[in-house]
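Here is the structure we will look at, set down as structure tokens.
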Amino acid sequence: MQKAIVGIDFGTSGTGYAYSFIDDENKNIELGKFKGQNTGIKVPTEIILDSKLQNVLSFGEKCSINNLKEGDLYFKNIKMNIYYKNKYIRAENYSNKSFLLIDIIAKILEYVKERALHSVRENRPNINEDQIKWIVTVPSIWELEQKSLMISACEKAGLFNQYTDRANFFALEPEVASLYCLNDNSIDKNFLLPGKTYIVCDLGGGTGDIVTHFRTYDNKIQEKYQCTGGPYGSEEIEHKIFKDVIGKIFGYCDIHSLKEKFKRIQSGQDKKPEGFDITEKFINEQWEQIQKKIKDMKNITEEQKDQAIDINFQIFQDFENGVSINDLVDKFNKSCPEGWNIKIISVKFWVLELPYKIIFDLIEEHGQKISNKISEIYNKVKEVESILYVGGYCSNDVLINYLKNKFPKLMPLKPSCPEKAVVIGAVLFGLNPYFIDIRKATYTIGFNCDDIWDDKIHGGIGEKYFDHNFNIYKCKNSFHAFIRIGDDLSQSHDIEQSFITMNSRTINLKFFKSSKRNPVLYNEDGVQLIGDVQLDLGKDFPVNERGFDLKLNFGGTFLVASCKHPTSGREIKLPIYFNN
């Protein structure tokens with residue numbers, strides 16, 4: 001029996017959790033705390049592990065590359081590796097070691113789970129782990145392969161039990177933020193009443209998710225247009241500065257490239273600069289200070305547009321041999337965008353003045369990409385009246401003012417604490433996962449099945465052949481679609497169809513996705529393999545006994561499927577068949 005709900009907001013910049021007890025009539029939701037966390041909704045998504053990836057030595061605010069001991073492993077900027085489909089991740093303090101991304105995420109989730117369990121038991125000591133319903137937030141724009149990696153990490157972290165509803169284990173971030181705002185008194189509810197349509201713009205540290213919601217008269221939510229978005233989070237601003245400013249001036253845009261240079265000098269591969277007498281610890285300290293300064297630049301206000309910030313780049317001076325800072329800055333200034341010109345404050349210590357105009361331009365660049373996505377929706381869903389801004393990046397007034405000016409006819413709505421919306425909303429979703437009535441399919445999804453030949457569909461495209469088993473013409477390599485992009489998917493959207501396998505002993509299924517609405521062949525342009533599965537029937541069967549049933553549920557936040565061969569009784573569940 002479930003007794004508590006725990007929502008975990010595993011974010012790019014920060015991670016937090018919240019919980020509620022099912023028998024609490026008032027449905028109070030408590031924000032969780034981590035060790036050493038005094039204020040704030042979340043702590044930085046940073047972790048220090050021992051050399052064997054077994055013990056968590058530090059997590060959140062206390063993580064620092066300066067406090068590492070020999071063999072310790074420090075990881076940060078983790079979540080966006082899922083978005084970019086990277087299987088491996090490097091530790092911050094090692095440039096030549098790679099680790100499985102899934103292992104690092106699992107250790108973070110396991111640590112958060114233990115902290116949440118501790119918080120729950122402080123209030124209800126008798127609750128055990130299996131009596132908790134765990135909910136983990138993910139971006140709506142994540143594809144099935146990305147969700148699959150996250151599911152595997154959650155399994156390794158022990159977040160599944162006998163009560164887990166796999167179809168609704170994930171909470172889609174803009175959806176639960178919308179649910180939070182419907183219950184938040186700091187927002188003008190007149191624009192969120194039943195019958196109203198609004199855009200949810202969820203902007204975090206890594207991604208930006210944009211969805212369109214219609215509130216029904218029975219207080220449910222229907223998605224009016226498939227989710228859109230991209231890598232528009234606040235941390236991309238930092239990456240741009242390191243790449244397009246620091247990297248172009250000094251030639252190094254991350255700590256790994258700097259440490260590679262350090263090792264080449266130490267080993268004698270590269271010439272040792274005059275007066276070179278630094279340690280790896282010094283590199284770590286200096287780099288962390290630069291990172292902090294760049295991060296502080298993001299907390300900008302409209303009044304700072306013509307101001308600047310001083311940053312000490314002496315660490316780069318130690319790696320150069322007679323290179324003039326004047327020459328480096330002059331070269332950058334000759335090719336940089338207008339208003340990005342760098343000033344030299346100290347030639348001796350390589351202190352430079354970076355104008356805040358850089359940040360304004362990068363935020364405006366983000367704002368343009370986000371507004372393009374909003375316009376795409378607004379042009380197709382005419383009844384939209386307002387935009388709901390949620391997520392930590394929406395605390396940046398420069399960005400929000402830019403978007404307000406782009407859409408003056410749409411009422412801007414923002415909760416008093418936009419960073420809280422997802423983590424609290426995750427618990428609300430756990431209490432009521434069926435508040436979303438209809439979602440829109442973001443892809444056309446199907447599998448390999450040689451369909452009966454149709455001249456109108458396959459003519460001029462497919463390869464025709466005669467199937468002697470059934471005395472009919474078929475098309476090779478057909479894409480048999482289950483759902484098509486833009487289709488309405490209700491919570492109970494089950495699809496069950498019967499097929500016949502041509503193999504006497506196995507059922508081999510390959511699943512594909514496409515951004516086209518009507519792909520014909522699974523090997524045509526724009527169609528991508530997203531996974532496969534094989535069911536062994538145990539023995540050979542004649543053609544008339546090879547029929548099988550394929551059942552898929554598209555109504556939750558994750559696809560659940562099963563394949564059954566009635567004759568043998570063999571069945572395989574496919575909750576995470578989309579492999580990486």
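The first residue in the sequence is number 1, and the count goes up from there.
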Would a distance-only check, ignoring hydrogens and angles, find a side-chain to backbone donor-acceptor pair under 3.5 Å from [X] to [Y]?
{"X": "Lys107", "Y": "Gln54", "result": "yes"}
{"X": "Gln222", "Y": "Ile438", "result": "no"}
{"X": "Lys516", "Y": "Gly526", "result": "no"}
{"X": "Asn93", "Y": "Asp72", "result": "yes"}
{"X": "Thr228", "Y": "Ile210", "result": "no"}
{"X": "Lys42", "Y": "Glu419", "result": "no"}
{"X": "Asn55", "Y": "Leu57", "result": "no"}
{"X": "Arg115", "Y": "Phe34", "result": "no"}
{"X": "Asp209", "Y": "Ser140", "result": "yes"}
{"X": "Thr45", "Y": "Gly11", "result": "yes"}

Salt bridge (Lys or Arg N to Asp or Glu O under 4.0 Å) between Lys414 and Asp397, worked out: CA-CA 11 Å; Lys414 189 172 75 170; Asp397 289 338; 3.7 Å; yes
Quick one: [atom1] on [X] to [atom2] on [Y], what's the gap to the nearest 0.5 Å?
{"X": "Leu258", "Y": "Asn284", "atom1": "CG", "atom2": "CG", "answer": "9.5 Å"}
{"X": "Leu399", "Y": "Ile359", "atom1": "CG", "atom2": "CD1", "answer": "12.0 Å"}
{"X": "Cys253", "Y": "Ile241", "atom1": "SG", "atom2": "CD1", "answer": "13.0 Å"}
{"X": "Asp50", "Y": "Leu73", "atom1": "CG", "atom2": "CG", "answer": "7.5 Å"}
{"X": "Ile89", "Y": "Phe99", "atom1": "CD1", "atom2": "CZ", "answer": "10.0 Å"}
{"X": "Asn128", "Y": "Asn161", "atom1": "CG", "atom2": "CG", "answer": "9.0 Å"}

Among side-chain atoms of [X] and [Y], is any donor-acceptor pair under 3.5 angstrom?
{"X": "Glu46", "Y": "Tyr74", "value": "yes"}
{"X": "Gln528", "Y": "Glu143", "value": "no"}
{"X": "His118", "Y": "Glu122", "value": "yes"}
{"X": "Ser178", "Y": "Tyr198", "value": "yes"}
{"X": "Gln289", "Y": "Asn312", "value": "no"}
{"X": "Asn372", "Y": "Gln368", "value": "yes"}

Ring pair (Phe, Tyr, Trp, His ring centres under 6.0 Å) evaluation trace for Tyr17 with Trp134: CA-CA 10 Å; Tyr17 68 93; Trp134 304 94; 9.0 Å; no
[X], [atom1] atom: more than 12 neighbouring heavy atoms under 6.0 Å:
{"X": "Phe282", "atom1": "CZ", "answer": "yes"}
{"X": "Lys440", "atom1": "NZ", "answer": "yes"}
{"X": "Lys243", "atom1": "NZ", "answer": "no"}
{"X": "Lys298", "atom1": "NZ", "answer": "yes"}

Would you call [X] and [Y] a side-chain contact if the rule is heavy atoms closer than 4.5 Å?
{"X": "Phe313", "Y": "Ile290", "result": "yes"}
{"X": "Leu31", "Y": "Lys420", "result": "yes"}
{"X": "Ile400", "Y": "Pro412", "result": "no"}
{"X": "Ile105", "Y": "Asn81", "result": "no"}
{"X": "Leu68", "Y": "Glu92", "result": "no"}
{"X": "His239", "Y": "Pro231", "result": "no"}
{"X": "Thr207", "Y": "Met80", "result": "yes"}
{"X": "Ile221", "Y": "Arg215", "result": "yes"}

In plain terms, say whether [X] and [Y] are close enough for a salt bridge, that is, a side-chain N and a carboxylate O under 4.0 Å apart.
{"X": "Glu173", "Y": "Lys79", "result": "yes"}
{"X": "Lys113", "Y": "Glu110", "result": "no"}
{"X": "Lys281", "Y": "Glu285", "result": "yes"}

Steps toward side chain to side chain contact (heavy atoms under 4.5 Å, CB included) verdict (Phe316, Ile246): CA-CA 10 Å; Phe316 297 110; Ile246 296 173; 3.8 Å; yes
Considering non-hydrogen atoms only, spot the tightest contact between [X] and [Y] and give its length.
{"X": "Ala18", "Y": "Val427", "result": "O-CG2, 3.4 Å"}
{"X": "Tyr443", "Y": "Ser515", "result": "CD2-N, 4.1 Å"}
{"X": "Gly208", "Y": "Ile141", "result": "O-CD1, 4.0 Å"}

For Trp287, the option from Tyr252, Phe262, Phe242, Phe250 that meets ring pair (Phe, Tyr, Trp, His ring centres under 6.0 Å): Phe242
Stepwise ring pair (Phe, Tyr, Trp, His ring centres under 6.0 Å) test for Tyr232 and Tyr393: CA-CA 9 Å; Tyr232 311 141; Tyr393 198 8; 9.8 Å; no
